[in-house]
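See structure below.
Start at 1 with the first residue, then count along the sequence.
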Amino acid sequence: MKKSTLSSLIILSTLSSFSYANCDFKNTQEVKTISASFAAWKAVTGAMAECGHVSSTLDSEFKTKVGSALAANPSLYEVAGVANGTFVPLLNSGLIRPLDSLVAKYGQNLNPNQLIKVDGKIMAIAMMINTQNFMYRKDIFDKLGLKAPTTWDDVLVDAEKIKKANLVEYPLGGAYKAGWNLGLEFINMYLSYNAKLFDGNQPSVNNAAGIKTLEMMKKLSAYMDPEYLIADPTFVQKQLQYGKIAMANLWASRATAFDNKEESQVVGKVYMSATPKSIADGRPASTMWWDGITIAKNITDEQADNAFRVAMQGLNEDMVKKNTDAAIWLVKGYKPSRLSDGAIQNAIDRTPSYPLTSKIGLMHSALGKDVSDYLTGQKTAEETLKEVEYDYITAAKESGLL
């Protein structure tokens, strides 16, 4: 880089008759946004919509669509939500624009740690940090005399006790959907063994840590819904909300869903803790992420100016006060709550950031494609990791990285 079955698609739109009570200006130009679909993005796009003439596409599969949408000329969207992983491809493809002049004009209320800079230029505005942290049914843990696990070996012990108690359908949930989610699960657990994914630009996963990672993932999958290879974060969220599982390592941004009385059967029962470690002296088996907004390159300067101004209305203090529990906000006015305990502990325990490099994208894709072969018994651990490295090297050569 420079220096599923329960997936959701939500389209929110506003008309000029909407109330502008919490917007500093009345927007008269159409602004279209695309982003992930979870509570924080619903809150932010909802606040943008108060300005009028805003339509937002919230899609759990947006990462596969945003690149082509912004590559259109003109772009299909003015504002694109991004995270660490989705930001890099857009940046490398030249699909987003520098924001320095817009920040100078409309960003007076932004905190310095919201400014994502590349080569000295502001290329994105971060709104929140995100991380996968451990979520568990405290009522079930209390009934069985269990404590929040600190290692994945502890999770296996707890899962067996929960299984024998027959209190839920499956003890554990995991976002093991083949592809991007499965690749991330491997990366998180592998890094927690204090291992490195690369030796320079060469892959370095076909080793003892890689084998241990695959073996632990398979042990954990035995306590999940047998259809775990279709389980994305939304699938796991619903499992926990409906009382089908007792614990899962899930994105902190989804914590508020468990206390939503309109859709959750476990209100007040789900608690958060740090992600378990692969080894006692390792770091939590997770990565730290940020989510934020970018502005499309293939639109006029006038459209970009207006879209950024609308976006700033979505990242104001009033929005945070109304949606405190929806995220670990970087926006002014945020005060942590019970639902942020796990994410904060991950940060305290020095959970590493997801790497912002072009090579991690190639490795992530190879893992997402090949790891399922081991979990389903089609290949041994060594054969799987050899295939991962082969696929990475092939892609790296095609991209000019090797």
Side-chain angles (χ1 to χ4, degrees), residues 1-3 12 14 20 22-36 40-41 43-57 62 66-67 69-84 86-129 290-320 327 329-334 356:
M1 190 192 75
K2 301 177 182 179
K3 295 220 173 184
L12 306 175
T14 61
Y20 308 105
N22 295 310
C23 186
D24 292 341
F25 73 106
K26 182 176 180 179
N27 178 44
T28 59
Q29 299 182 39
E30 182 180 17
V31 175
K32 299 182 294 296
T33 81
I34 183 171
S35 67
W41 279 112
V44 169
T45 54
M48 292 183 195
E50 292 173 354
C51 296
H53 296 283
V54 176
S55 60
S56 295
T57 300
F62 93 104
V66 63
L70 267 60
N73 198 358
S75 171
L76 301 183
Y77 301 92
E78 288 77 32
V79 180
V82 293
N84 306 46
T86 50
F87 171 70
V88 176
L90 301 182
L91 178 70
N92 289 343
S93 299
L95 299 179
I96 54 178
R97 63 173 60 210
L99 304 175
D100 300 77
S101 62
L102 296 174
V103 169
K105 195 171 182 179
Y106 301 116
Q108 291 79 12
N109 292 323
L110 294 173
N111 289 313
N113 62 355
Q114 291 183 257
L115 308 180
I116 304 301
K117 296 183 179 181
V118 179
D119 292 342
K121 296 179 180 179
I122 302 170
M123 299 303 298
I125 305 298
M127 67 182 193
M128 57 177 280
I129 60 169
W290 56 265
D291 279 77
I293 66 106
T294 58
I295 302 296
K297 179 73 176 295
N298 293 337
I299 58 176
T300 67
D301 291 344
E302 181 184 1
Q303 287 175 307
D305 185 283
N306 186 71
F308 188 83
R309 188 180 183 189
V310 169
M312 289 302 94
Q313 294 299 308
L315 302 181
N316 62 27
E317 192 168 344
D318 183 65
M319 181 280 296
V320 169
W329 298 107
L330 296 173
V331 184
K332 289 182 179 179
Y334 174 66
L356 274 175

**Message:** How long is the straight-line distance from CG of Asp318 back to CD of Glu50, given to the nearest 0.5 Å?
**Reply:** 7.0 Å
**Request:** Answer yes or no: is there a side-chain heavy-atom contact under 4.5 Å between Phe308 and Ile125?
**Result:** yes
**Request:** Mark yes when over 12 heavy atoms from residues, nucleotides or ligands other than Lys332 sit less than 6.0 Å from its NZ; otherwise mark no.
**Result:** yes
**Request:** Give the minimum heavy-atom separation between Glu78 and Ala307, together with the two atoms involved.
**Result:** CB-CB, 3.7 Å
**Asked** Which atom names give the shortest non-hydrogen contact between Leu70 and Ser75, and what distance separates them?
**Response** CA-OG, 3.6 Å
**Message:** side-chain contact (heavy atoms from CB on, under 4.5 Å), that's the test. Do Met319 and Trp329 meet it? Break it down for me.
**Reply:** CA-CA 10 Å; Met319 181 280 296; Trp329 298 107; 3.7 Å; yes
**Asked** Looking only at heavy atoms, which two atoms of Trp290 and Val82 are closest? And how far apart?
**Response** CZ3-CG2, 3.8 Å
**Asked** Is there a side-chain contact between Val44 and Leu315, using heavy atoms and a 4.5 Å cut-off?
**Response** yes
**Item:** Contact check, side chains of Asn27 and Gln313, non-hydrogen atoms, under 4.5 Å
**Value:** no
**Asked** Do Cys51 and Lys26 have side-chain heavy atoms sitting under 4.5 Å apart?
**Response** no
**Request:** Flag the pair Asp24 and Arg309 as a salt bridge only when some basic side-chain nitrogen lies within less than 4.0 angstrom of an acidic carboxylate oxygen.
**Result:** no
**Item:** Between CG on residue Leu76 and NZ on residue Lys32, distance to nearest 0.5 Å
**Value:** 7.5 Å
**Request:** Measure the spacing between CG of Asp291 and CE of Met127 and express it to the nearest 0.5 Å.
**Result:** 5.0 Å
**Fill in**
Here the gap from Thr294 atom OG1 to Ile34 atom CD1, rounded to the nearest 0.5 Å, amounts to 10.5 Å
**Asked** So how far is it from Leu115 CG to Lys121 NZ, rounded to the nearest 0.5 Å?
**Response** 15.5 Å
**Prompt:** Any side-chain donor paired with an acceptor under 3.5 Å for Asn109 and Asn316?
**Reply:** no
**Item:** Closest non-hydrogen atom pair between Ala80 and Val66, with its separation
**Value:** CB-CG2, 4.0 Å
**Request:** Find the distance between CD1 (Ile295) and CD1 (Ile122) and round it off to the nearest 0.5 Å.
**Result:** 12.5 Å
**Message:** So Leu110 and Met312, do their side chains get closer than 4.5 Å, heavy atoms only?
**Reply:** yes
**Asked** Do Asn111 and Leu330 have side-chain heavy atoms sitting under 4.5 Å apart?
**Response** no
**Asked** Counting only heavy atoms not in Glu302, do more than 12 sit closer than 6.0 Å to its CD atom?
**Response** no
**Asked** At their closest point, which heavy atom of Ser55 faces which heavy atom of Glu30, and how far apart are they?
**Response** OG-OE2, 4.3 Å
**Complete:** Between Ala311 and Ile293, the two heavy atoms sitting closest are CB-CD1, 4.0 Å
**Item:** Derivation of the side-chain contact (heavy atoms from CB on, under 4.5 Å) call for Met48 and Val31
**Value:** CA-CA 9 Å; Met48 292 183 195; Val31 175; 5.9 Å; no
**Request:** Measure the shortest side-chain to side-chain distance between Ile299 and Tyr77 over non-hydrogen atoms and say whether it is less than 4.5 angstrom.
**Result:** no
**Request:** Would you indicate whether the side-chain heavy atoms of Asp301 and Arg97 approach each other to under 4.5 Å?
**Result:** yes
**Request:** Kindly determine whether Phe87 and Ile96 satisfy side-chain contact (heavy atoms from CB on, under 4.5 Å), including the steps that lead there.
**Result:** CA-CA 9 Å; Phe87 171 70; Ile96 54 178; 3.6 Å; yes
